[in-house]
Amino acid sequence: MRTAAGSGQDVVLAALPFGAGEEVVRELRSVLAGTVLLDCSNPIGEGFRLLTGGGPSAAERLAAAAPGARVVKAFNLCHEDVWRMRPPVFGGRPLAVPLCGDDETALTRVRELVRDVGCEPLAGGGLERAGLLEATAALFISLWVGEGADAQAIAPPLAHAAGAAAGVRTA
């Protein structure tokens, strides 16, 4: 990460284990100032337990460790093999990638990167919502790995997500 941070790139991927990320980013905070710091980590421990313990998310901890960096949480909901697909399309639909961040310029840059890999960016809210993405990853990974279940099957299609009260007819 030190090489990437010092290379003058506008985006640096922080693909670091939870706990190590804060320390590394703190050491590089002056080099990371003004840079988009893309956090794809999942603070998940044994038993698919979220390691943040109800405190700040991993992304928020990186932001606190390098206050001049523009942190965006993204690319954390899929196994690395999915990112090797060109493009990651399932059932004819490009993969949606939720993004959480507070800096609109950084979010615009990350949206471009998401589209560059053939995915659709999905607004997830500000950085304060990054913990929700991390918790979603913990749940999905526990279903996929722990139960052998298709986590995608837990969400109804958009037309049914709001229910009949929202004007959607059910069969």
Side-chain angles (χ1 to χ4, degrees), residues 1-85 88 95-107 109-114 116-117 119 121-149 151-152 154:
M1 186 166 151
R2 182 177 307 280
T3 303
S7 70
Q9 298 297 315
D10 62 336
V11 179
V12 173
L13 178 64
L16 300 163
F18 178 69
E22 275 182 274
E23 184 179 324
V24 170
V25 166
R26 189 173 292 109
E27 289 176 19
L28 299 173
R29 69 181 170 270
S30 63
V31 179
L32 290 169
T35 300
V36 176
L37 185 58
L38 184 52
D39 175 32
C40 66
S41 69
N42 283 315
I44 301 170
E46 188 175 331
F48 308 106
R49 186 177 51 86
L50 201 57
L51 297 174
T52 51
S57 68
E60 289 173 305
R61 292 169 195 231
L62 293 182
R70 299 174 298 161
V71 177
V72 175
K73 181 77 172 191
F75 295 107
N76 72 309
L77 294 180
C78 295
H79 188 273
E80 63 189 82
D81 289 346
V82 171
W83 304 121
R84 291 186 182 104
M85 297 171 67
L95 182 67
V97 177
L99 316 174
C100 291
D102 295 331
D103 185 285
E104 191 53 44
T105 302
L107 287 165
R109 182 65 181 110
V110 175
R111 282 186 206 104
E112 291 170 2
L113 293 172
V114 168
D116 286 349
V117 296
C119 297
L122 185 63
L127 198 59
E128 78 280 354
R129 293 177 54 98
L132 296 174
L133 277 181
E134 295 168 3
T136 299
L139 173 64
F140 281 15
I141 292 167
S142 72
L143 291 171
W144 291 323
V145 176
E147 302 296 325
Q152 187 178 21
I154 67 174

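- Judged by distance alone, with hydrogens and angles left aside, the side-chain atoms of Asp102 form a donor-acceptor pair with the main-chain N or O of Leu127 at under 3.5 Å.
- Inter-residue side-chain proximity for Pro121 and Val97 is flagged as unmet; no heavy-atom pair is nearer than 4.5 Å.
- The two atoms that bring Asn76 and Cys40 nearest to each other are CB-O, 3.4 Å, heavy atoms only.
- For the residue pair Thr52 and Ala58, the shortest heavy atom distance occurs at CG2-N, 3.8 Å.
- Summarising the geometry, atom CG belonging to Asp10 is positioned 11.0 Å from atom OG1 belonging to Thr105; distances are rounded to the nearest 0.5 Å.
- The CG atom of Leu132 sits 9.0 Å away from the OG atom of Ser57 when rounded to the nearest 0.5 Å.
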Exercise for review: Could you go through the side-chain contact (heavy atoms from CB on, under 4.5 Å) check for Ile44 and Leu51 one step at a time?
Suggested key: CA-CA 5 Å; Ile44 301 170; Leu51 297 174; 5.7 Å; no

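- How far CD of Glu22 is from OG of Ser41: 10.0 Å, rounded to the nearest 0.5 Å.
- Not counting sequence neighbours, Phe48 has no partner by the ring pair (Phe, Tyr, Trp, His ring centres under 6.0 Å) test.
- Looking only at side-chain heavy atoms (C-beta outward), Cys100 and Val72 stay at 4.5 Å or farther from each other.
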Between Leu13 and Phe75, is the side-chain contact (heavy atoms from CB on, under 4.5 Å) condition met? List the steps.
CA-CA 10 Å; Leu13 178 64; Phe75 295 107; 5.7 Å; no

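- No side-chain heavy atom of Leu99 sits under 4.5 Å from any side-chain heavy atom of Leu122.
- A distance of 12.5 Å separates CG in Leu143 from CD in Gln152, rounded to the nearest 0.5 Å.
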Item to complete: Dump the intermediate steps for side-chain contact (heavy atoms from CB on, under 4.5 Å) on Val12 and Val36, then the final yes or no.
Response: CA-CA 6 Å; Val12 173; Val36 176; over 6 Å; no

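- Between Glu104 and Arg111 there is a salt bridge, since a side-chain N of the basic residue sits under 4.0 Å from a carboxylate O of the acidic one.
- Sorted by first and then second residue, the salt bridge (charged side-chain N to carboxylate O under 4.0 Å, His left out) pairs involving residues 53-77 (not counting sequence neighbours) are Asp39-Lys73, Arg70-Asp103, Lys73-Glu134.
- Summarising the geometry, atom SG belonging to Cys78 is positioned 9.5 Å from atom CZ belonging to Phe140; distances are rounded to the nearest 0.5 Å.
- Between Gly101 and Leu107, the shortest heavy-atom contact is O-CD1, 3.4 Å.
- With respect to the salt-bridge test (charged N to carboxylate O, under 4.0 angstrom), the residues Glu23 and Arg26 do not qualify.
- Here the shortest heavy-atom pairing between Leu37 and Ala14 reads CD1-CB, 3.8 Å.
- Leu77 approaches Trp144 most closely through the heavy-atom pair O-CH2, 3.3 Å.
- Taking CG from Leu50 and CG from Asn42, the interatomic distance works out to 9.0 Å, rounded to the nearest 0.5 Å.
- Side chains of Val11 and Thr35 form no contact here, defined as non-hydrogen atoms less than 4.5 Å apart.
- Nearest heavy atom pair, residue Ala59 against residue Val71, reads O-CG1, 3.7 Å.
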